[in-house]
S.K.: 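Take this structure first; my questions come after.
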2 protein chains.
Amino acid sequence: MARRADQSLAQVAARPSRRSLVDEAYRTLRERILNNELPPGHQMLEEEAALQLRMSRTPVREALIRLEKEGLVRFVPRRGVQIVPLSARDLREINEMLSCLEAAAAERLASRRLPPEELAQLDAAIAAMDAALAADDMDAWSEADYRFHCLLLELCDNRRLREVARMFLDQAHRFRRKSMSLREKPVYSTVNHAAVVEAIRRGDPQTAVEIHRSHKRRWTRELDDLISRMPDVEE
Amino acid sequence: MARRADQSLAQVAARPSRRSLVDEAYRTLRERILNNELPPGHQMLEEEAALQLRMSRTPVREALIRLEKEGLVRFVPRRGVQIVPLSARDLREINEMLSCLEAAAAERLASRRLPPEELAQLDAAIAAMDAALAADDMDAWSEADYRFHCLLLELCDNRRLREVARMFLDQAHRFRRKSMSLREKPVYSTVNHAAVVEAIRRGDPQTAVEIHRSHKRRWTRELDDLISRMPDVEE
DNA sequence: CCCGGAAACAACGTATACGTTATTGCCCAT
DNA sequence: ATGGGCAATAACGTATACGTTGTTTCCGGG
């Protein structure tokens, strides 16, 4: 690798990225993990990663520590870093976390008066899901669903809730992309989201939680079924 | 600082700590933050911290990144690292997260059959709280309470739930130590915990959640009150 | 006395150097 | 052929060097 001169040039040349290298490494790796470009179980050395990202090990390491805390990678003593594999158990844990966090979010939203334009945002997100479903575009549906959930979390202004839940949404997202093909069309999910929003609109936390709860039961069963049909998910 | 020779000596001399320096830095700092030895709002430079811990900036930085992800410190651009201050808002957020996570834990525990010796552990933890309360030793009570909550989380074998909740328990712990003196004796809390364990013993998730929920309502009010009486907690 | 700008400085981000140590593979004795 | 130990090596943890950049300070003009 070229040296010395690069250190200064890097700041100037890589103009588009105003951010730090740590940040770039973090974003890039996260991105690649989320679309399974770096698949679960994959291993790489810090050095390799650094080489690919065209930076030294230092910023890569710092990015990896963050990703580890988010549950996307694991350090394996002498074998580098591993994209965490999704075992059946992991999936169930993630499902459980999301259930509980999103129920809390929904309840909270229903409890406080939500301004109309925020409700409109939720409606829009659902509309996007409907559209994708109608067009039979599962990738788009998946994205729209992700956005809906994020939105739900954004709106209930609890930063911690937002960040923790986002973390698990991410982990779930990796799995969803793989499992999409095996699932039936998620008609139920979409209807369900609409019902939750309806409860929020009416300011009815009780119902919001109730809907979410029954949705969880149904989805948990479906998840178990899905897991059993995914060949590369070890129990 | 002495050099070169130290690098090798450090490994040998510091025998008691078999772990890495990163780990040592992490533990030490976390410890100090949790007992407010490093109080909320306190700032320090990476260099200072490194000097105090007798190591170079590298391991300290890595430890700090972890602590940041756990919500205990914040990086403030040119002023070093700050022990995150606990604003009223933060405290409410933390309270909300813990409510939701612990309710989930309690529900889960009540759902699965808990072996008798695990129930015994819970009973023991409650007994410790009672004892501390009787002896009017609030520090001991605080510790016992912390242990009870940790135990509850340990037992419901969901690693993610455990780790995330532990994170918030830690944050709450910092506050509790300061607020303890302002509170009335937490008789209610102790009784409540016992009731939750009772529901778990009976395998009654419905009730477990219900108790937790009403406890939350009560405690949330008390928290608001407490916040208003804590001078150094800015809204 | 007060303000704006430039020089000095401080802190950080990043690169690089290097010792330690687990792992791998090789060789020899059985 | 096989197990055990030794040497080479690879990966990592940590220290250190250094350029960049925000902040502070100090000075001269208003």
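Note: hydrogens, waters and symmetry copies are ignored here, and every other heavy atom, side chains too, is used.
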S.K.: Closest-nucleotide mapping onto DNA chain C: is B:Pro77 or A:Arg57 further toward the 5' terminus? I mean the 5' end.
M.R.: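 Here B:Pro77 is the residue nearer the 5' end.
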S.K.: Just N and O in the side chain of A:Arg61: are any of them under 4.0 Å from OP1 or OP2 of D:dG13?
M.R.: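 So the side-chain polar atoms of A:Arg61 do come within 4.0 Å of the phosphate oxygens OP1 or OP2 of D:dG13, strictly under.
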S.K.: Which sits closer to the 5' end of DNA chain C, B:Glu46 or A:Arg79, going by the nucleotide each is nearest to?
M.R.: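 Its nucleotide being nearer the 5' end, the pick is B:Glu46.
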S.K.: Any side-chain N or O of B:Ser56 under 4.0 Å from OP1/OP2 of D:dA15?
M.R.: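 B:Ser56 to D:dA15 OP1/OP2: side-chain N or O found under 4.0 Å.
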S.K.: Given side chains that start at C-beta, do those of A:Gln82 and A:Val73 come closer than 4.5 Å, heavy atoms only?
M.R.: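 SC-SC contact between A:Gln82 and A:Val73 ruled out.
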S.K.: Round to a whole Å and report the spacing from CG of B:Leu53 to P of D:dA15.
M.R.: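 Result: 11 Å.
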S.K.: For A:Tyr26 and A:Glu70, which I'm curious about, is there any donor-acceptor pair between the side chains at under 3.5 Å?
M.R.: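 Yes, A:Glu70 and A:Tyr26 have a side-chain donor paired with an acceptor closer than 3.5 Å.
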S.K.: Whole Å only: how far is the CZ atom of B:Arg74 from the P atom of C:dC12?
M.R.: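 That distance rounds to 15 Å.
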S.K.: Just checking, is any N or O donor in the side chain of A:Thr220 or A:Asn95 under 3.5 Å from an acceptor N or O on the other one?
M.R.: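 Yes.
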S.K.: Between A:Arg78 (CZ) and C:dA22 (P), how many Å, whole number?
M.R.: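 For the pair A:Arg78 CZ and C:dA22 P, the rounded distance is 7 Å.
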S.K.: Let me know the distance between CZ of A:Phe75 and P of D:dC12, rounded to the nearest Å.
M.R.: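 Interatomic distance, CZ of A:Phe75 to P of D:dC12: 9 Å.
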S.K.: For a quick test of reading the model: is some side-chain N or O of B:Arg54 closer than 4.0 Å to OP1 or OP2 of D:dT14?
M.R.: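 No, B:Arg54 has no side-chain N/O under 4.0 Å of OP1/OP2 on D:dT14.
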S.K.: May I have the distance from A:Glu62 (atom CD) to C:dC12 (atom C1'), rounded to whole angstrom?
M.R.: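 Going from A:Glu62 (CD) to C:dC12 (C1'), I get 10 Å.
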S.K.: Starting at CG of B:Leu64 and ending at C1' of C:dC12, how long is that distance when rounded to a whole Å?
M.R.: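 Going from B:Leu64 (CG) to C:dC12 (C1'), I get 13 Å.
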S.K.: Atom CD of A:Gln43 to atom P of D:dA10: distance rounded to whole Å?
M.R.: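 Interatomic distance, CD of A:Gln43 to P of D:dA10: 18 Å.
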S.K.: Between A:Ser87 and A:Asp90, is there a side-chain donor-acceptor contact under 3.5 Å, judged purely by atom types and distance?
M.R.: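 Yes - a donor-acceptor pair under 3.5 Å links their side chains.
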S.K.: A:Leu45 has an atom CG; how far is it from atom P of C:dT23, in whole Å?
M.R.: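 To the nearest whole Å, that distance equals 14 Å.
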